[in-house]
Amino acid sequence: MNERIYLDHAATTPPDPRVVEAMLPYLSDLWGNPSSIYAEAQEARKGLDGARRAIAGLLACKPQEVIFTSCATESDNLALRGVAYASRNRGNHVVTCAVEHHAVLHAAERLEQEGFRLTYLPVDGEGFIDLAELERAVGDDTTLVSIMLANNEVGTIEPVAEAVRIVKAKNPHAAFHTDAVQGVGTLDLNVDALGVDLLSIGAHKFYGPKGVGALYVRSRTPLLAQMLGGAQEKNRRAGTENVAYAVGMARAMALAYEEFDARNALYRSLRDRLLDELPSRVPFTHVTGPKDRSRRLSNSASFCFEFIEGEAILMALDLQGVAASSGSACTSGSLEPSHVLTAMGLPLELARGSLRLTVGRENTMEQIDRVLDILPSIVSRLRSLSPTWPEREGAEAKSSRERPL
Ligand code: PLP
């Protein structure tokens, strides 16, 4: 009964002990600087090269196309700023979309302040980008398009391969970046099948350590380094590489794909139970994100509850041993409704009542059933305290499924 139930795997994941084990030698005996030439350095270099090869193998790219960074945020910033500035002689137009993570959106807004022209594509009610708008937006002066592979708040899997085809048909010189942070271990990340030129990942989202990420950059893509100093990462990202963490990220990614089928089958069964059961157990509840489950991340279930604040649900769940999120981790704690839900057209009051439950490899069906048991009473208690809760005759009896968003 006192066991904690962690349902916030889109925010971060617990490091896999096998990952920690792979890292440990590089935090003790193998401490050399991988850029030096003596024996100590060579051991570190071997670890770093091995990690790069392993990640490249999983992305189906060349090892030299993988740049190690300090986190996915840095990868996104390097992609946007690096390509926009390196391509400025050809154009100053960048296209992205309204539901990107702030790592992309805030980098895009800064580019706008610095004189670039930005287009933010709209999304529909399920979070999908509008491909016709994308086609209209791309012009001769477009140098970069950045569309996420999957959304961290509502699990929408964007049609990236199709978007790449549309962009390249209109302007073959425009580079295409995807933030694939939520897709590692849940989606196929073959960069040629996707057709992308740049792709960001961050290790702590797939049972690796925090403080390390990578950016795939297709050969010959223009990129201006943003971190200046040494010649590391072939002059594309200065700073002594974090060897142990790069090794950990590679091990975590290898495990995610070795165990892909089993992990995703479990995620899907847990997610589907949440999506099937919550709206019928809690009145006035809406599922957010794609209705077609094959187009939503296997581990992601997201909801909005009417007449209630998401933050209040999180606190009540926490007291009962459940860790969850309202919108993205970065916006929880603030009362601003999520930019993702508002871009999807949800009314502000509804967007404020959002709950995201993202499952992981250590979750069980018993844990999901416990959450399904406790949520209805949490919601009805909070609603009874809410000034906006209309005590309408028979309101509870009406199924939320009958009410359109
Ligand atoms: N992109 C997406 C889609 C994310 O979900 C996150 C983290 O939530 C990030 C980027 C940024 O990751 P980090 O904070 O680890 O740099």
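Read the numbers this way: they start at 1 and go in the same order the structure lists the ligands and their atoms. All values below come from the heavy atoms of this structure, side chains included, with hydrogens, waters and symmetry mates left out.
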Can you confirm if the aromatic rings of Phe307 and Phe284 lie within a centre distance of less than 6.0 Å?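 Yes, ring centres under 6.0 Å apart.
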Suppose we call two aromatic rings close when their centres sit under 6.0 Å apart. Are Phe260 and Tyr267 close by that rule?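 When the ring centroids of Phe260 and Tyr267 are compared, they turn out to be at least 6.0 Å apart.
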Can you list every salt bridge (charged side-chain N to carboxylate O under 4.0 Å, His left out) pair that touches residues 215-227, not counting sequence neighbours?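 For residues 215-227, and leaving out neighbouring residues, the salt bridge (charged side-chain N to carboxylate O under 4.0 Å, His left out) pairs sorted by first residue read Asp192-Arg218, Asp197-Arg218.
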Measuring only between side-chain heavy atoms, which start at C-beta, is Val123 closer than 4.5 Å to Asp130?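 Not touching, per the 4.5 Å side-chain cut-off.
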Starting at OG of Ser386, measure out to CD of Glu306 and round the result to the nearest 0.5 Å.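 Result: 11.0 Å between the selected atoms.
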About how many Å separate CZ of Arg236 and CE of Met227, when rounded to the nearest 0.5 Å?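 The distance works out to 15.0 Å.
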What part of [X], side chain from CB on, backbone N/CA/C/O, both or neither, has a heavy atom under 4.0 Å from ligand 1?
{"X": "Thr73", "result": "both"}
{"X": "Gln182", "result": "side chain"}
{"X": "Lys210", "result": "neither"}

Quick one: which ligand 1 atoms are inside 4.0 Å of a heavy atom on [X]?
{"X": "Asp76", "result": "1 (N), 10 (C)"}
{"X": "Lys205", "result": "6 (C), 7 (C), 8 (O)"}
{"X": "Cys71", "result": "16 (O)"}

Option nearest atom 3 (C) of ligand 1 (shortest heavy-atom distance, choices Val104, Asp179, Thr12, Thr69):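 Looking at heavy atoms only, the winner is Asp179.
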